[in-house]
Structures are given as C-alpha cells and as structure tokens.
Amino acid sequence: MKAPFYHVDAFAAAPFEGNPAAVVLPPGWPADAVMQRMAAEHALSETAFVVHRDGGYEVRWFTPTVEVDLCGHATLAAAHVLFRHAGHPGTVVEFRSRSGTLRVAREGDLLVLDFPSRPAAPCQAPEALVRGLGRKPVAVLKARDYLAVFTDEAEVRSLAPDMGVLAGLACEGVIATAPGPAGGAYAFVSRMFAPQCGIPEDPVCGSAHCTLVPYWAARLGRRTLTARQVSARGGELRCEDAGARVRIGGKAVTYLQGEVEYPGS
C-alpha cells in the first residue's frame, strides 16, 4: 500500500523551528500495529493519520510508542497539508477523533485549533515529580498531565529532568510553566515532558495548552494570551480561553513531501 506523506514543522514560521510532525493520508485505515510501526519508523513525536471518509476527515495520532487521544501540533500539521497540498476548500476543516470533533480554521497567516479545555485541579506534588524535575514547583495541579508551576522563565529553561523518574508517574506528561517576563511579548512559557509516551521532551505541545490556557487565563484575568514554549526548537502560540473550548493558533511549514509504502492489512 502507498500513501502521500508530509513532514511539517508546526507552530513554526520557518523550517527547523516548532514541532515536527508526520502526516500520512492513507486511502483507508492501516492495521493499528502497522500505524504504530510507521510512527516508530518516522521517529517524530507524533504521526497523524488522516482518512477521508463519509464526506469528512478522521484523524488518529501515534507517538513512536503509543496511540494518544489528542495531539495539537500534528492536527495543525494535518490541516496545513489539507489546505495547502490536498485542495481542501474553504477556511475550516473538521476532524473526527477520539476527543470529538476538532476544527481548524485558517485565519490570515495562522491556523487556529478549536480544542476541548482541560482545566487542572490543585494537588499534592508527588515526590517522584519533584525528584524527576530536580526542582520543587511553587504549585502543582493535574488534569491529563501534571502541571508544575515555577516562579520565572529561567527556572523552566534550566530544568534538566530525569526522564526515567518522570516515566513512572501516573499521567501522560508533565508540563512545566511560569509567567513570561514583565512587559514581554508572551504571557507565559512552558516545556512538556512525556517519556511515558516515548517523547522525552515535546518541542511545542498544542494539547498541553488545553490545560495551560485555562490556568493562565484565570490567573492573569485575560482571555487572550500569547505563549512561548521554551524547548530547544521553541515555538509561539496564540491562545484564547473560550470556556469549554480553547483556541490555539500557530503557523506551519512543509519541510518534506513524498510517499510511504507500507504493508496492507
């Protein structure tokens, strides 16, 4: 079997920035085990498989080791592929997914995700979280992921986590965050670690912002925020708290396009 393949840098204004994702457009769903092996072969934090069926699009996401129920940057990458390379008409594309219907709108030079909000609740900091991060947060909350809040950007940037320790936590990932510089270009910063999913550090994680946005919107008293993920690659996100939903905007750049060949079911 053959399918179009794209390597896209998401939440990036230029190549080699943001978070790279693979996007595969198979004519039908490959076997789950085949998709997992393809994602491992691509060796990117996420591969999005998009199938056009019943007049719409279905999407599934695989890390190199597991399937996940929500991924922001790979969905942004998939929408970019459909708009730019697959001739999708109009300014909105909808994906049916394990997390419900997800919409991506083209607004000027941005692609804007419409995702479910995942507010986090305060909790006690597990000893393994503090030991794994190597620094005690000023606050810890949890939704799908642990949210570890620090005092300033420098603390977040300086983290050198023990991935083996973090991998033992009962969560999908660990988000580290802090306010941005006073009067700066972004309201908050973050990093995302997900060794449980085969991703030591996710360069720019859209789904983490389903938790970050409601937290910072409430703390800062603002619905719209600009965020910066301060990984080595880095990326900028334009965010809006819309109650039960969050809107997360960014740019995307195609790095590679071609064709993959894989075993049939």
Side-chain angles (χ1 to χ4, degrees), residues 1-15 17-30 35 38-39 42 44-62 67-117 204-207 209-210 213 224 226 235-262:
M1 300 291 291
K2 296 182 179 181
F5 170 89
Y6 302 85
H7 176 133
V8 175
D9 291 335
F11 297 113
E17 299 176 358
N19 198 352
V23 180
V24 181
L25 307 180
W29 288 114
M35 288 191 285
M38 291 171 72
H42 303 152
L44 299 173
S45 61
E46 299 281 355
T47 295
F49 294 88
V50 179
V51 171
H52 186 259
R53 186 158 62 181
D54 299 329
Y57 297 100
E58 298 175 359
V59 63
R60 293 172 67 181
W61 310 274
F62 288 78
E67 183 175 9
V68 297
D69 66 354
L70 187 66
C71 177
H73 85 279
T75 305
L76 193 86
H80 167 80
V81 166
L82 294 179
F83 283 128
R84 179 172 178 183
H85 301 290
H88 180 76
T91 58
V92 177
V93 60
E94 292 189 351
F95 297 98
R96 297 189 293 270
S97 79
R98 289 186 173 187
S99 294
T101 299
L102 307 174
R103 295 175 179 83
V104 186
R106 187 166 51 185
E107 299 181 6
D109 62 349
L110 293 182
L111 294 173
V112 181
L113 305 170
D114 181 327
F115 270 25
S117 181
V204 188
C205 182
S207 64
H209 286 74
C210 295
V213 172
T224 59
T226 298
E236 185 174 292
L237 308 93
R238 309 287 180 84
C239 307
E240 180 184 352
D241 180 21
R245 310 288 292 181
V246 295
R247 302 181 78 244
I248 306 164
K251 300 178 181 179
V253 179
T254 302
Y255 172 68
L256 172 71
Q257 57 181 307
E259 187 176 67
V260 290
E261 188 167 345
Y262 57 93

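Since this is a predicted model, take the numbers as computed values, not measurements. The analysis underlying the following values was restricted to heavy atoms, covering all of them including side chains, and did not include hydrogens, waters or symmetry mates.
Considering CG of Asn19 and CG of Leu76, their distance stands at 10.5 Å, rounded to 0.5 Å. For the atom pair CZ of Phe49 and CZ of Phe62, the computed distance is 6.5 Å after rounding to the nearest 0.5 Å. In this structure, Thr101 OG1 and Phe95 CZ are separated by 11.5 Å, a value rounded to the nearest 0.5 Å. Here the CD1-CG distance, from Ile248 to Leu237, works out to 7.0 Å after rounding to the nearest 0.5 Å.
Using a 4.5 Å heavy-atom cutoff, the side chains of Pro116 and Arg245 are in contact. Contact annotation: the side chain of Val213 never approaches that of Phe115 to less than 4.5 Å [non-hydrogen atoms, C-beta and beyond]. In this structure, the side chains of His52 and Tyr57 come closer than 4.5 Å at one or more pairs of heavy atoms. Counting heavy atoms from C-beta outward, Pro20 and Tyr255 have side chains that stay 4.5 Å or more apart. Counting heavy atoms from C-beta outward, His80 and Thr254 have side chains that approach closer than 4.5 Å. Side-chain atoms of Arg96 and Asp54, non-hydrogen and from C-beta on, do get closer than 4.5 Å to each other. Between Met38 and Thr47 there is no side-chain heavy-atom pair separated by less than 4.5 Å. By the 4.5 Å heavy-atom criterion applied to side chains, Arg106 and His88 are not counted as neighbours.
Trp61 and Ser97 are not linked by any side-chain donor-acceptor pair at a separation below 3.5 angstrom, with hydrogens and angles left out of the test.
Contact record, Ala74 with Ala21: CA-CB, 3.9 Å, taken as the closest heavy-atom pair. Smallest separation of non-hydrogen atoms from Val50 and Ala78: CG2-CB, 3.8 Å. Between Pro27 and Val51, the shortest heavy-atom contact is O-CG1, 4.3 Å. Nearest heavy-atom pair, Gly243 versus Ser117, reported as atom, atom and distance to 0.1 Å: O-CB, 3.5 Å. Contact record, Val253 with Ala14: CG2-N, 3.8 Å, taken as the closest heavy-atom pair. Of all non-hydrogen atoms in Ala3 and Pro26, the two that sit nearest each other are CB-CA, 3.7 Å.
A centroid separation of 6.0 Å or more is found between the aromatic rings of Phe11 and His73.
Only one option out of Leu113, Leu70, Asp114, Val93 pairs with Leu102 in a side-chain contact (heavy atoms from CB on, under 4.5 Å); it is Leu70.
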Practice prompt. Mind running side chain to side chain contact (heavy atoms under 4.5 Å, CB included) on Asp9 and Glu17 for me, showing each step along the way?
Written response: CA-CA 7 Å; Asp9 291 335; Glu17 299 176 358; over 6 Å; no
Practice prompt. Would you sort out whether Leu110 and Lys251 count as a side chain to side chain contact (heavy atoms under 4.5 Å, CB included), showing the intermediate values?
Written response: CA-CA 5 Å; Leu110 293 182; Lys251 300 178 181 179; 3.8 Å; yes
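Looking at Arg247 and Glu107, a side-chain N of the basic residue comes within less than 4.0 Å of a carboxylate O on the acidic one, giving a salt bridge. Residues Arg60 and Glu58 are not paired through a salt bridge, judged by the lack of any N-O separation under 4.0 Å between the basic side chain and the carboxylate.
Classified by interplanar angle (parallel below 30°, tilted 30° to 60°, perpendicular above 60°), the ring pair His42/Phe5 is tilted.
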